[in-house]
> 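Have a look at this one.
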Amino acid sequence: MKMLLLSRFIGAIPRFLNTPSLDARAATRIAYIDDASVPLGSAPFIERERLQLQELGYSLVPVRIGQGTAADLAAVLDTVNAIYVSGGMADYLMATLRRVGADTVLIERIRAGLPYMGASAGAMIMGKNIEPAIALDGHTEGVSLDNFNGLSLVDAVILPHADGLLPPYPPETITAVAHQFEGTPGLTMLADAEALLVVDGNIRCVESSENE
């Protein structure tokens, strides 16, 4: 199992995928899953997140899980070298995964060794629960979850943007959310220039700058 759980910046991805050259990146197909961004419409960060990966030279395969089935996702994952799940609304993302049955597909493929990368919401869903996402962003209108459990592939509860530098999450908001979850087992404060590197159950925090 190999995962890179990002807060915001993606500079650690070339090292994670071991793709130092542009030729290696062009040959690396990444399933780009953007369901978390659906409730946010055309928010500027959505296209920017996609462009960052393209500017690094990777070949992206667009995937909208909510428009297909678990079998559709499995078929796409058979053709790629890695998975990237974008930021957005974590509750909407979890609800979509469960509705389609894609949560099981992701767990199976990641455990089988397909590299996984996720930013913000895409990182949070890999932890034990997504409650900090609800505290940061509120609930997506029309979305109801029986519980806030994540996929539990990492023994952590991730709070991204923890340095308070991203305008929607100023320091006072981060402080309030951190206080709300103080004492939560596995609570992990992740700054925008950091990522959690997870390899076969071993977890460590690594640098992930805006640029590689």
Side-chain angles (χ1 to χ4, degrees), residues 1-20 25 30 32-34 36-37 43-46 48-56 58 82-90 93-94 106 110 115-137 150-212:
M1 184 168 70
K2 187 177 180 183
M3 298 191 294
L4 186 68
L5 307 181
L6 307 147
S7 176
R8 180 184 178 194
F9 299 140
I10 65 171
I13 286 180
R15 297 190 302 276
F16 172 71
L17 294 177
N18 192 25
T19 51
R25 296 177 198 177
I30 299 175
Y32 188 89
I33 298 171
D34 67 351
S37 70
F45 86 88
I46 294 171
R48 179 57 190 156
E49 187 172 4
R50 187 192 310 271
L51 287 174
Q52 284 179 319
L53 278 173
Q54 291 177 329
E55 288 167 359
L56 285 178
Y58 293 104
I83 305 166
Y84 183 98
V85 176
S86 74
M89 300 298 289
L93 177 58
M94 279 304 309
L106 283 180
I110 294 167
Y116 176 92
M117 301 163 288
S120 193
M124 298 173 88
I125 64 166
M126 289 296 143
K128 294 186 292 186
N129 69 65
I130 61 167
E131 289 185 275
I134 308 303
L136 284 173
D137 296 317
L151 300 185
S152 295
L153 287 178
V154 61
D155 189 21
V157 176
I158 299 170
L159 176 57
H161 318 303
D163 43 4
L165 299 180
L166 191 63
Y169 312 110
E172 54 269 25
T173 296
I174 297 298
T175 298
V177 174
H179 179 72
Q180 179 180 342
F181 293 95
E182 186 177 1
T184 299
L187 181 65
T188 302
M189 308 284 288
L190 201 60
D192 281 339
E194 294 177 333
L196 292 183
L197 176 63
V198 184
V199 180
D200 296 332
N202 296 311
I203 307 170
R204 64 185 176 97
C205 188
V206 298
E207 178 185 351
S208 188
S209 58
E210 185 170 5
N211 300 302
E212 60 176 311

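In this chain, residues are counted from 1 in sequence order.
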> Do S208 side-chain atoms and F9 backbone N/O form a donor-acceptor pair below 3.5 Å?
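Yes; judged by distance alone, with no hydrogens or angles, the pair exists.
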> Please name the pair of heavy atoms, one in A90 and one in I125, separated by the smallest distance, quoted to 0.1 Å.
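The answer is O-CG2, 4.4 Å.
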> To the nearest 0.5 Å, what is the distance between CG (L53) and CZ (R48)?
10.0 Å
> To the closest 0.5 Å, what do you measure between CE (M94) and CE (M89)?
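Taking CE in M94 and CE in M89, the distance rounds to 14.0 Å.
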> Going from CG on L151 to NZ on K128, what distance comes out if it is rounded to the nearest 0.5 angstrom?
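Spacing of CG (L151) from NZ (K128) equals 14.5 Å.
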> Between the main-chain N or O of A193 and the side-chain N or O of S209, is there a donor-acceptor pair closer than 3.5 Å?
no
> Grab the two heavy atoms, one from Y32 and one from I46, that are nearest each other, plus how far apart they are.
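Y32 and I46 have their closest heavy atoms at OH-O, 4.2 Å.
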> Looking only at heavy atoms, what is the nearest atom pair of L5 and A123, with distance?
CB-CB, 3.8 Å
> Could you give the distance from OG1 (T188) to CE (M124), rounded to the nearest 0.5 Å?
11.0 Å
> Quick one: does any side-chain atom of N129 pair with a main-chain N or O of G150 as donor and acceptor, under 3.5 Å?
no
> Do the non-hydrogen side-chain atoms of L6 and L190 ever get within less than 4.5 Å of each other?
no
> Can you give me the closest heavy-atom contact between P115 and F16, atom names plus distance?
CB-CE2, 3.9 Å
> How close do A36 and S86 get, counting heavy atoms only, and between which atoms?
CB-O, 3.8 Å
> Go through the structure and list residues passing salt bridge (charged side-chain N to carboxylate O under 4.0 Å, His left out) with E210, not counting sequence neighbours.
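For E210, no residue satisfies salt bridge (charged side-chain N to carboxylate O under 4.0 Å, His left out) once neighbours in sequence are set aside.
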> May I ask you to say whether E55 pairs ionically with R25, meaning some side-chain N is under 4.0 Å from a carboxylate O?
no
> Ignoring hydrogens and angles, state whether a donor on the side chain of Y84 or E49 is under 3.5 Å from an acceptor on the partner side chain.
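Short answer, yes.
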> Are I110 and M126 close enough that some pair of their side-chain heavy atoms sits under 4.5 Å apart?
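A side-chain contact under 4.5 Å exists here.
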> Going from CG on L159 to CD1 on I174, what distance comes out if it is rounded to the nearest 0.5 angstrom?
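Reported to 0.5 Å precision, the distance equals 5.0 Å.
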> Look at the side chain of T173 and the backbone N and O of Y169, then say whether any donor-acceptor pair between them is shorter than 3.5 Å.
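The answer is no, because no donor-acceptor pair under 3.5 Å joins these two groups.
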> Pairs in or reaching into residues 174-192: which pass salt bridge (charged side-chain N to carboxylate O under 4.0 Å, His left out), with residues at least two apart or in two chains?
R8-D192
> Please find the pair of heavy atoms, one from A195 and one from L4, that lie closest to each other, and give the distance.
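Shortest heavy-atom separation between A195 and L4 comes out as CB-CD1, 3.8 Å.
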> Does R204 have more than 12 heavy atoms from other residues, nucleotides or ligands lying within 6.0 Å of its CZ?
no
> Look up atom OH in Y58 and atom CG in L17, then write down how far apart they are to the nearest 0.5 Å.
4.5 Å
> Do M1 and Y116 come close enough that some side-chain heavy atom pair is under 4.5 Å?
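M1 does not reach Y116 side chain to side chain.
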